[in-house]
Amino acid sequence: MASLKPEHLSFTTTSRTHLRPLGVTIDDSLLTETKSTQKRKLSQKRKTLSGSFSTGSHLSPWPTYISDQTILHNRKPCSDDYQKRAGSWQQQPLGTTKPRYLEQLENYLRKELLLLDLGTDSAQELRLQPYREIFEFFIEDFKTYKPLLSSIKNAYEVMLAHQREKIRALEPLKAKLVTVNEDCNERILAMRAEERYEISMLKKEKMNLLKLIDKKNEEKISLQSEVNESNVVTKLRKNLAEEYLHYLSERDARKILIADLNELRYQREDMSLAQYPGIWGEDPVKLTVALKMARQDLTRMQMELNTMKANFGDVVPRRDFEMQEKTNKDLQEQLDSLKDDYEEVRKEHEMLLQLHMSTLRERDQFYAELQEIQRTSTPRPDWSKCEDVVAGGQDRWHVLAEGKNSDQLVDVLLEEIGEGLLREKDFFPGLGYGESIPAFLQFDGIVENKKPTKKDVVNILKDAWKERIAEEQKEKFSDFFFNFLERRFGPSDAMAWAYTIFEYIKLFHSNEVMSQFYAVLMGKRKESVYIKQKETIAQLLKEMTHADSQNEGLLTMEQLSTVLRSTFPFKKDEKIQELMEAGGWHPSSSNADLVNYRLLFMEDEEGQSVPFLQKLWEQYLNEKDEYLYELKQELGLELHDKVTLPKLHEALMTIDPSLDKQTLNGYLSQAFQFPVTELPEEGEEKEEGTVIQLQTALEQLQMSDVRRMGPREQEPAT
């Protein structure tokens with residue numbers, strides 16, 4: 001076989017019988033077997049193909065002009081082009097038939113390609129397998145060219161393996177390229193949004209600066225007009241002085257002219273007397289002497305007049321002098337006042353500059369601290385995440401979170417969580433009979449959880465308050481509460497309801513009815529505080545109803561302000577304004593705007609009042625704190641110091657002179673914790689219990705209903 005060439009090969013007719021079984025035995029499993037198995041099968045196939053050669057036959061010639069038709073193109077055997085070529089082969093004359101070995105290889109290749117599934121992703125890889133096998137046949141059969149063909153095959157295999165590794169290495173880079181492209185697009189969009197925001201801010205700043213420039217131009221024009229007016233006034237004053245000097249010289253010239261005219265008249269009379277001496281019937285010598293003396297007197301007077309003019313020509317009249325002196329004095333006083341004001345303003349300006357510099361330093365320090373806190377601190381909670389957790393969804397969470405800070409939102413969230421836990425409990429464990437346990441909770445064993453709604457609890461508490469206010473015999477509040485539950489639910493369920501209501505009012509601090517009832521029940525606040533607050537609200541509603549002459553439920557803002565000032569005469573203007581804003585008034589609204597005052601006293605089904613009543617209660621607590629702080633400042637003591645009853649009495653009368661005796665005794669009784677009847681009279685001193693720690697006294701007054709009865713008298717200014 002080493003010396004044979006392809007064109008010298010020929011096949012016998014018996015080789016056709018071996019070709020059909022060969023195509024039948026080849027299937028898809030050849031692609032997945034190991035290399036040794038593939039070599040073994042290839043050797044068997046090669047033996048099968050070589051068995052079909054006729055050793056005794058001679059080689060048939062192969063025309064060179066058909067060589068272009070024997071090339072196996074990369075087409076499916078079932079395609080139309082393949083059928084046309086097959087038909088063209090069949091039409092060739094018998095003298096130009098292909099060698100048998102070539103026909104068997106082509107048939108084997110067609111069958112292998114037909115058996116492949118070309119619809120998968122690895123179809124191209126599988127398509128190479130039959131060609132590899134054909135090439136292996138050539139390598140094994142042509143021993144002379146086996147090294148060259150093997151090296152060619154190995155070179156192609158190495159290159160294919162290298163290309164596969166290269167493609168496999170580039171696949172992650174493709175995914176990374178897609179990710180980097182998305183990140184770059186997001187950054188570009190973010191940068192564009194930031195640029196748009198900066199452009200909008202710069203436009204706003206430009207508009208503000210243009211407005212500022214217009215305002216400065218207007219101020220410049222106004223100042224220019226003032227400067228022009230001052231220049232006109234100066235010019236008029238100068239002209240007035242010139243005219244004054246001119247008229248003064250004219251007056252002096254007129255007086256001199258009058259004197260000259262008088263002198264001429266006197267000379268004319270003397271001449272007439274000399275011509276007619278007998279007219280007057282007197283002695284001419286005597287008249288001449290009299291005339292001479294008169295002339296001397298005239299000359300002397302004229303000299304004195306000239307002297308007076310020379311000496312007092314620039315002297316003004318006394319009346320004008322006094323008027324000018326008074327004006328000068330007033331102007332001097334104004335100048336001194338302006339100098340003092342200027343000095344004060346200058347000092348204040350220096351102080352403000354120092355304060356400004358210190359504020360700038362503090363601002364820089366706070367900004368640095370803020371940056372450090374923002375860098376190191378945890379982010380603020382995203383309260384919107386609670387919308388899907390709280391029962392009621394987004395709408396109910398918005399209602400619960402409206403107007404509350406983070407601390408209050410935590411309380412709301414704890415209340416919602418606690419309410420869910422309470423509803424999951426079926427029983428409460430009894431607290432026993434200890435001394436620290438309230439009387440209405442003393443029980444051993446398990447108590448049933450009645451699981452009421454918040455509305456039910458609020459209604460029960462309101463009914464309890466109504467019965468408490470209406471009863472005549474005032475018993476202890478905790479005993480009254482348990483007796484009320486026994487009367488309402490029976491002795492068997494009273495303890496269960498006591499535990500259930502206690503757990504609810506202990507949990508819901510944000511509910512006004514529950515929190516106030518809990519404070520009174522646990523002794524943290526006197527029940528008189530709640531009763532007095534309800535009386536104040538009722539009185540305020542009565543005053544508004546009285547002001548509503550038409551009984552329409554509407555009041556103007558001016559009427560609302562008048563009613564508030566008359567009901568709370570000691571509240572400051574800013575407190576009244578806060579109440580009006582809580583009632584719906586805005587600084588931009590008119591006094592003629594109407595408000596439905598009945599809506600200011602409404603409560604929802606869970607006992608939560610409107611913002612107006614909440615602001616009223618908040619102001620009451622703040623005013624009580626201010627009152628007690630003023631009392632502590634008046635005493636001048638520390639919290640751990642002792643205070644006597646007379647000293648506390650004197651301090652209360654100092655900060656609130658309008659206190660009547662009954663109210664004052666009530667405050668002292670609450671502070672020192674003994675009945676009003678045991679208070680000492682004026683000038684007396686109680687032997688025991690008249691000294692108490694200041695902190696204890698203030699805590700007792702904080703629990704009670706303490707409020708100002710009148711304004712504090714202002715000390716005279718020194």
Side-chain angles (χ1 to χ4, degrees), residues 173 175-230 342 345-388 393-395 397-410 412-413 557 573-574 577-578 580-582 584-591 593 611 615:
L173 293 178
K176 186 176 181 180
L177 181 62
V178 174
T179 305
V180 170
N181 188 19
E182 293 178 355
D183 293 341
C184 291
N185 290 334
E186 291 179 358
R187 291 181 181 178
I188 290 171
L189 292 177
M191 292 176 66
R192 288 178 179 174
E194 185 177 357
E195 289 177 355
R196 286 195 296 269
Y197 176 74
E198 291 180 356
I199 290 172
S200 63
M201 294 301 296
L202 290 174
K203 287 182 178 178
K204 291 182 181 179
E205 185 177 0
K206 175 186 174 184
M207 295 303 295
N208 293 332
L209 292 175
L210 289 175
K211 292 180 181 178
L212 181 60
I213 290 171
D214 295 338
K215 184 177 179 181
K216 293 298 181 181
N217 289 332
E218 293 178 358
E219 293 179 356
K220 179 181 177 182
I221 294 172
S222 177
L223 293 174
Q224 189 67 33
S225 62
E226 292 179 1
V227 170
N228 294 334
E229 290 177 359
S230 63
Y342 170 75
V345 171
R346 187 182 62 80
K347 292 179 180 179
E348 291 179 0
H349 178 66
E350 292 177 354
M351 293 175 62
L352 288 175
L353 285 178
Q354 296 176 0
L355 180 62
H356 177 66
M357 296 303 296
S358 62
T359 305
L360 288 179
R361 289 193 295 270
E362 291 178 358
R363 184 200 66 180
D364 297 338
Q365 179 181 357
F366 290 153
Y367 180 76
E369 293 177 358
L370 176 62
Q371 294 294 329
E372 182 66 20
I373 291 172
Q374 289 179 349
R375 186 179 63 84
T376 58
S377 63
T378 56
R380 290 184 58 81
D382 185 7
W383 295 109
S384 60
K385 296 179 181 179
C386 301
E387 297 174 355
D388 301 331
Q394 180 179 3
D395 296 338
W397 175 252
H398 286 171
V399 174
L400 293 175
E402 183 179 1
K404 293 182 176 61
N405 53 30
S406 297
D407 187 38
Q408 294 171 341
L409 288 175
V410 172
V412 171
L413 191 59
M557 287 299 175
D573 293 338
E574 55 267 22
Q577 185 174 355
E578 288 178 0
M580 293 184 65
E581 290 178 356
W585 178 81
H586 299 284
S588 60
S589 60
S590 173
N591 290 332
D593 293 343
K615 178 59 69 174

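All heavy atoms count here, side chains included; hydrogens, waters and symmetry mates do not. This one's a predicted model, so the numbers in the text were calculated from it and none came from an experiment. Counting from 1, the numbers follow the sequence of the chain as shown.
- Looking only at distances, no side-chain donor or acceptor of S222 sits under 3.5 Å from a matching main-chain atom of E219.
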Could you walk me through whether E194 and E198 satisfy the side chain to side chain contact (heavy atoms under 4.5 Å, CB included) test, starting with their C-alpha distance in whole Å, then the side-chain angles of each, then the deciding distance to 0.1 Å, before giving a yes or no? CA-CA 6 Å; E194 185 177 357; E198 291 180 356; 3.6 Å; yes
Q: Could you walk me through whether I221 and S225 pass side chain to side chain contact (heavy atoms under 4.5 Å, CB included), step by step?
A: CA-CA 6 Å; I221 294 172; S225 62; 5.7 Å; no
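- The distance from the CD1 atom of I199 to the CZ atom of R196 is 8.5 Å, given to the nearest 0.5 Å.
- Atom CG of N208 sits about 9.5 Å away from atom NZ of K204, to the nearest 0.5 Å.
- Of all non-hydrogen atoms in M557 and M580, the two that sit nearest each other are O-CE, 3.5 Å.
- Applying the 6.0 Å contact sphere to CZ of R346 captures more than 12 heavy atoms from other residues, nucleotides or ligands.
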(request) Step by step, work out the side chain to side chain contact (heavy atoms under 4.5 Å, CB included) result for M357 and R361. (result) CA-CA 6 Å; M357 296 303 296; R361 289 193 295 270; 3.9 Å; yes
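- Separating the CD1 atom in I213 from the NZ atom in K220 is a distance of 12.0 Å, to the nearest 0.5 Å.
- L355 CG to E362 CD: the interatomic distance, rounded to the nearest 0.5 Å, is 8.0 Å.
- To the nearest 0.5 angstrom, L370 atom CG is 12.5 Å from D364 atom CG.
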**Evaluation steps, side chain to side chain contact (heavy atoms under 4.5 Å, CB included), between E226 and L223** = CA-CA 5 Å; E226 292 179 1; L223 293 174; 3.9 Å; yes
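- Minimum heavy-atom separation, P611 to A582: O-CB, 3.9 Å.
- Side-chain atoms of N185 come within 3.5 Å of backbone atoms of N181 as a donor-acceptor pair (strictly under, hydrogens ignored).
- With rounding to the nearest 0.5 angstrom, the CD atom of Q365 is 11.5 Å from the OG atom of S358.
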